[in-house]
Structures are given as C-alpha cells and as structure tokens.
Amino acid sequence: MTLFRTLAPMGLALALLLPAAAPAVAQNGPLRIEITEGVIEPLPFAIPDFVAENGGASQLAQDIARVIASDLSGTGLFREIPASAHISRVTSFDAPIAYADWKAINAQALLTGSVSASGDRVVVKFRLHDVFSDQPLGEGLQFAGSASGWRRMAHKVADIAYSRITGEGGYFDSRVVFVSESGPKNARAKRLAVMDYDGANVQYLTDSSSIVLAPRFSPTGDRILFTSYSTGFPRIYLMNVGSLATKGLAEQPGTMTFAPRFAPDGRTVAFSLEQGGNTDIYTLDTASGSRRQLTNAPSIETAPSYSPDGSQIVFESDRSGTQQLYIMSAGGGEPRRISNGAGRYGTPVWSPRGDLIAFTKQHQGRFHIGVMRTDGSEERLLTASFLDEGPTWAPNGRVLMFTREGAGAGGQPALYSVDISGRNLKRVPLSVAASDPAWSPLLP
C-alpha cells in the first residue's frame, strides 16, 4: 500500500488499493453529475452493505454503508436503489462485479466495500464503479483508524464518491458549532455545542450559566470565537476546541464587543465594538493584541465577514437609514453598498468559493435566506418563513445551514439546510432546540 495521507486527530490513514478487475478510469470519465441551476434528476446509485471480513465487523459494515448512503442521498443529487431491488449480492470485496445485474436495475454508480475490525482498529476498503462503463471510477482506497472514528471514515468515503461524480469538493467530514437552547422563549438558557454536519455526535463546550452567541470556527477548525454575556455585557472570547481553554479578547472597560469572525490567516479577528453609543468594526491581531479601527461612522456597523483571499470584508450597516450590506477593503476605507432590493439585509457571509455572499433578508413581514454575487447582482431568495436567519456555508460552497424559528410562545429554533439553488430544504435532525450554526472546514 502507498500511504499518502495521515489524519492525525483520530489516527486515521488513507491508502491506495489496486483496482479489482479493470484499470481505473480518470475522474473526468463518463459518470458525472453536472450541477447547474436547473432541475436535477438524482443519479441512481447502489451501495450494498459492506462485506464484513471478520466476525467483529458485521455491524460496522452495515452502519458504515448506511451513513455513506445517507450522506449521498441527503444532497438531493443522488437516489439510492433499495437493497430489495438488488440482483447481485456482493460477498467478497475482490470478486468481479456483475455489471449487467446493476444495469438491469438502472444503477449508474455502485459503491462496494469491506470492513475488518481487530481490537480498536478498523480498516475500511471501498471502490466506486461506473456501471455503464463496466469499470471502477478512480482507484480503490482504504481507511484505517480507531473504532470510535467509524462515522468519520464513512463521511470520508462519501466525500470521495461525491467528488468523483460531481467534480466538486465534498463536505460530509465536517462539524458545525451552534447554540443549544432550552427553556421558555422569553428566558432561554444557551450553551455552545458542536456536532457532525448531519446532527450526530453532539458535544457541549460550555454550560448554560451565561448567554452565548455567534460561535465561529477558525480556518483550521481548532478554535472557536464566540460572544458571551458572562460579565453582564457582550464580550468576545476565543476557545481551543481540544482543551476547551477560553480567554477573552479585545477587553476594554466601557465597551461591548460582539460579532467576531476570523480572517483567512487564522490570526486576525474582525469584530464590532460599541463605545459611547456608537458601533464600528475593528480588527485584532490575536498574537500581538494590537487593534485597528476599520470604520468610523455614526451608524451601526457589524457582522463582518472576510473574502476567501482576505482582501475584502462584507458587513451590515444602517448608514443609509436601513440595514444594508456593504463591502470594503480589509484595511478599511470607503465601503460600497451591494444590496439594492426592497427590505433589510443582514448577517452577510462570504462563500468559501468567493463568488457569492449569503445573507438574511427581511421584507413584508417575512424572513429569507438568500445569496447574491459580490457586486450585488443576481440576488436569489432560497427560503421564506416567519424567521429564517444567520446562514453559514458548507466547506464546498454548495450548501447553506441556518436557523429557523416558528411563531408564538411555543416556537423553538431549529437548524435547517438548503442548496444554493433553493432545492433540498431540510431540517437537521437534532433532539434539542438550536440556533446560530457555523460550519467548520473539512476535518484534517
């Protein structure tokens, strides 16, 4: 085996496998979903339960295949053919593939795999097949890691399958930090929590002794910025995800700080600072502690978000009389307004691709999640409800997650996701009320 990547946080390794019966085809082969703004007919795929190579791997083999299938089906781009329709039965990972049997049930992609378990070590092998070309799509691969990391291995497999078929980056092996809420609507307890992108493996990062808001991952996913009211006033804090060690940032008597977000360099933080009734945007160097003021206006300037190259910042301001979106140089200077439709705009977030800005819009008593080009053109509203707010981008820039809350005293916040075309709106399965999501980068 040729080892080419090691995933240190969980001791997970990825290695190449030799093709089973036919040479690997290039990733630009005949099997490909072209993602456009039009209606997409989901690509039918089959994924039999992975082969258990020893007795201790039987349940894992089923569970891993089910997570992969859920990841792919959940995009709205793929449709799984149920096992009851399968003609062939895969009983050995290296056995030849009966492509005619999979063509007969109209499968276009087939994903086969095996799992072995020994003590705490699990090895997952898989191959993706282009059914109509009668050959594998790319090389076979192998993951190895601890048993506790089996879901990550499943997400990694799904990311690779997604990328080979769509030609785009995956987003399944990622996490989302959010605010977990409990209690009545007018007196909610809030605490920071983190989960897998699909709502699994929820872990709490803080207790509910003080209100917390707006968590944001660092570009490397190892730190989290957030706002806390632990002192009675909003202050921004920095948390190490591994140790949960937390420290205050930009502390200055007589001020309030909030809405922090990392620059792409992972060292600079942009945030809002309120002093004497006026709110402006500042930056802070987390290493040196030096601070710089970027805006100086009598209006409220907040919710800064950097472009992927770090050269510009989009933010919201009411300097024109209503809440609108503006872009300025990362070093400050005169901003230009980019939102021009009817209504109020807020919570802008720059896409990791750099081509779009997501936002919250309020118009005629409804809230929307939308996207626009960086010059303000081609505005598209993706959702509409009583209250939708606070979008965050998946690592590949194709999906948004946001908070939706129902009306009335019993309305509870929940996390939803939607494709940037407006398709595939769905609720993230969580057993707790949740708000303020922020997506991590792909895990290393």
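Along the sequence shown, the residues carry numbers beginning at 1. If you're wondering where the values come from, they're calculated on a predicted model, not measured in any experiment. Just so it is clear, the values below take in all heavy atoms, side chains as well, and ignore hydrogens, waters and symmetry mates.
A donor-acceptor pair under 3.5 Å is formed between the side chain of Ser163 and the backbone N or O of Asp159. In this structure, the side chain of Arg164 engages the main chain of Leu137 through a donor-acceptor pair within 3.5 Å.
For the pair Met239 and Leu244, the minimum side-chain heavy-atom distance is below 4.5 Å. Put simply, the side chain of Val399 reaches to within 4.5 Å of the side chain of Trp439, judged on heavy atoms. With a 4.5 Å cut-off on side-chain heavy atoms, Thr257 and Leu249 do not count as touching. Side-chain contact check for Phe126 versus Ile47: every heavy-atom pair is 4.5 Å or farther apart. Using a 4.5 Å cut-off on side-chain heavy atoms (C-beta onward), Tyr229 and Pro234 make contact. Between Met372 and Ser339, some side-chain heavy-atom pair lies under the 4.5 Å cut-off. A 4.5 Å side-chain heavy-atom check between Val241 and Arg175 finds every atom pair outside the cut-off. Taking 4.5 Å as the limit, every side-chain heavy atom of Phe359 sits out of range of all side-chain heavy atoms of Glu316.
Atom CG of Leu442 sits about 6.5 Å away from atom CG of Asp173, to the nearest 0.5 Å. For the atom pair CG of Leu325 and CG of Asn340, the computed distance is 9.5 Å after rounding to the nearest 0.5 Å. Here the OG atom belonging to Ser218 is positioned 5.0 Å from the CZ atom belonging to Phe262, to the nearest 0.5 angstrom. Rounded to the nearest 0.5 Å, atoms CD1 (Ile420) and CZ (Arg380) are 6.0 Å apart. Note that OG1 of Thr279 is 5.5 Å distant from CD1 of Ile300, once rounded to the nearest 0.5 Å. Once rounded to the nearest 0.5 Å, the distance linking NE2 of His155 with CZ of Phe143 reads 12.0 Å.
Side-chain N/O atoms of Thr403 and Ser435 include no donor and acceptor closer than 3.5 Å. Donor-acceptor pairing under 3.5 Å is lacking for the side chains of Tyr416 and Thr383. Checking Ser351 against Arg353 by side-chain atom types alone, no donor-acceptor pair falls below 3.5 Å. Under 3.5 Å, the side chains of Thr322 and Gln324 contain a donor-acceptor pair of N or O atoms. Looking at Glu389 and Thr347, their side chains never bring a donor and an acceptor atom within 3.5 Å of each other.
By the neighbour-count criterion of 12 heavy atoms within 6.0 Å, atom CZ of Arg292 is sparsely surrounded, having that number or fewer from other residues, nucleotides or ligands. Heavy-atom contacts from other residues, nucleotides or ligands closer than 6.0 Å to CZ of Phe132 number more than 12.
Under a 4.0 Å N-O distance rule, the pair Arg319/Glu301 qualifies as a salt bridge. Taking a cutoff of 4.0 Å between a charged side-chain nitrogen and a carboxylate oxygen, Lys190 and Asp436 do not qualify as a salt bridge. Salt bridge annotation for Arg404-Asp388: present, with a cationic side-chain nitrogen under 4.0 angstrom from a carboxylate oxygen. A salt bridge is defined here as a Lys NZ or Arg NE, NH1 or NH2 lying under 4.0 Å from an Asp or Glu carboxylate O, and Arg398 with Asp419 fails to meet this definition.
Ring planes of Phe172 and Tyr197: tilted class, angle from 30 to 60°.
Just one residue in the list Asn201, Leu430, Val177 forms a side chain to side chain contact (heavy atoms under 4.5 Å, CB included) with Met195, and that residue is Leu430. Checked against Ser180 for a side chain to side chain contact (heavy atoms under 4.5 Å, CB included), the options Val212, Leu192, Val432 give a single hit: Val432.
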